[in-house]
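Below, chain A is the first sequence line, B the second, and so on; all start at residue 1.
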Amino acid sequence: MSDLHQPILEWYDEHARELPWRGPQASPWSVMVSEFMLQQTPVGRVLPVHEEWLRRWPTPADLAAEPTGEAVRAWGRLGYPRRALRLHAAATAIVEQHDGAVPSSYDELKALPGIGDYTAAAIASFAYGRRHVVLDTNVRRVLARTIQGVELPSTAVTKAEREVATEVLPEDDATAATWAVAVMELGALVCTAANPRCGACPVAGLCAWRAAGRPAYDGPPRKVQTWAGTDRQCRGRLLAVLRDSDGPVHRSALDAAWSEEGQRIRCLASLIEDALVVHAGADTYALP
DNA sequence: TAGACGTGGAA
DNA sequence: TTTCCAAGTCT
């Protein structure tokens, strides 16, 4: 048993946030919806949307029965709206292939649209108490610091990194599942990327990075996301017009949302290609 | 495997 | 004001 286990498990027991997708009352579907929404989106912005989704669509079948456009609209401003499409597609697959119940195995989950390694492990672990290596950015950062002694993990998950995560995973399913969420929570609340609160950390005394004097990140430059003027910004503007409209909108409304014509046309075409937008009629567009 | 893919809050 | 980035996935 790793020396990290007990302090982190005890810390989690005392400091864990109460979130609607946690605890015994949360359904696997609630967990699944939260995991989709939390992919690259902060908890605070997910909270109200998740509540609305679970109220409106308490089961996968409820969502699957809706047009995909309703999922896109209800996604609101969470960002990366293709996640709404994939969640809808996953719900449809669950109805057709799993009798409407969120599957419990990693392999079955991984086969669903929008579910990669992290999300499959997270749902299996958090919703069903299975033992899995749950390797998200928080866990990677905590292990990079406490064990490897570096400020931040590499860009991509390495084999060695996964081996370390496997080695520190508790043996039994229940403890492994709690461990997974506990390490994530520690990374989210204490061992944060920018200003870690080592004074509040239960394993500060065991941390290799702290012992080394908290050396600054010394790896390849991390890519900076440009934003202004990008296709992503343009697509976001166009989709927002449709999302905020009850029905189809005329082309002129989209023209007003983005002045650069070539880019606007290209982005509208890509939104249609992605099935986030449909050509509703002569010069009118709508959510699918 | 590097790049595309939204959004808004914090420093 | 600008930069960074938050529970990733897909191609």
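- Within residues 110-118 of chain A, the residues that place at least one heavy atom under 4.0 Å from DNA chain C are, in residue-number order, P113(A), G114(A), I115(A), G116(A), D117(A), Y118(A).
- Under the 3.5 Å distance criterion, with hydrogens and angles disregarded, a donor-acceptor pair is assigned to the side chains of Y118(A) and E35(A).
- You can see that DNA chain C meets the heavy atoms of chain A within a 4.0 Å-exclusive cut from dC4(C) to dC10(C), reading 5' to 3'.
- Taken residue by residue, residues 16-37 of chain A places heavy atoms nearer than 4.0 Å to DNA chain C at R17(A), L19(A), W21(A), R22(A), E35(A).
- For the segment residues 143-154 of chain A, no residue has any heavy atom less than 4.0 angstrom from an atom of DNA chain B.
- In this model, no donor atom of one side chain and acceptor atom of the other lie less than 3.5 Å apart for D255(A) and S252(A).
- Among residues two or more places apart in sequence or in another chain, the side-chain hydrogen bond (donor to acceptor under 3.5 Å, both in side chains) test is passed with E151(A) by none.
- Within 6.0 Å of atom CD in E51(A), 12 or fewer heavy atoms from other residues, nucleotides or ligands are found, so the atom counts as exposed in its surroundings.
- Looking at residues two or more places apart in sequence or on another chain, you find a salt bridge (Lys or Arg N to Asp or Glu O under 4.0 Å) between R266(A) and D231(A).
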Considering only distance and modelled atom types, tabulate donor-acceptor pairs under 3.5 Å from the side chains of residues 277-288 of chain A, sequence neighbours left out.
| from | atom 1 | to | atom 2 | distance (Å) |
| --- | --- | --- | --- | --- |
| H279(A) | NE2 | G281(A) | O | 3.1 |
| D283(A) | OD1 | R251(A) | NE | 2.9 |
| D283(A) | OD1 | R251(A) | NH2 | 3.1 |
| T284(A) | OG1 | G281(A) | N | 3.0 |
| Y285(A) | OH | R251(A) | NH2 | 3.1 |

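- At least one donor-acceptor pair closer than 3.5 Å links the side chain of R83(A) to the backbone N or O of F36(A).
- Under the ring-ring contact (aromatic ring centres under 6.0 Å, His included) criterion, no residue pair touches residues 222-262 of chain A, with sequence neighbours excluded.
- Comparing R86(A) and M184(A) along DNA chain C, the residue whose closest nucleotide (by nearest heavy atom) sits nearer the 5' end is M184(A).
- A side-chain donor from one of R235(A) and S270(A) sits under 3.5 Å from a side-chain acceptor of the other.
- Judged purely by distance below 3.5 Å, without hydrogens or angles, the side chains of T230(A) and Q233(A) never pair a donor atom with an acceptor atom.
- Atom name P, nucleotides dA7(C) and dA11(B): the rounded distance is 15 Å, in whole Å.
- W21(A) meets the ring-ring contact (aromatic ring centres under 6.0 Å, His included) test with H50(A); sequence neighbours excluded.
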Given protein heavy atoms under 4.0 Å, the one-letter contact record of nucleotides 1-11 of chain B, with B base, S sugar-phosphate only and - none, is simply ----BBBS---

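- For residues 181-209 of chain A, the salt bridge (charged side-chain N to carboxylate O under 4.0 Å, His left out) pairs, not counting sequence neighbours, are R17(A)-E185(A), R22(A)-E185(A).
- The main-chain N or O of A156(A) is found under 3.5 Å from a side-chain atom of R140(A) such that the two form a donor-acceptor pair.
- Inspection of the R86(A) and Y80(A) side chains reveals no N or O donor paired with an N or O acceptor under 3.5 Å.
- Residue pairs meeting the ring-ring contact (aromatic ring centres under 6.0 Å, His included) criterion with at least one member in residues 132-154 of chain A, sequence neighbours excluded, are Y106(A)-H132(A).
- Nucleic acid contact class of V134(A) (heavy atoms, under 4.0 Å, all strands): none.
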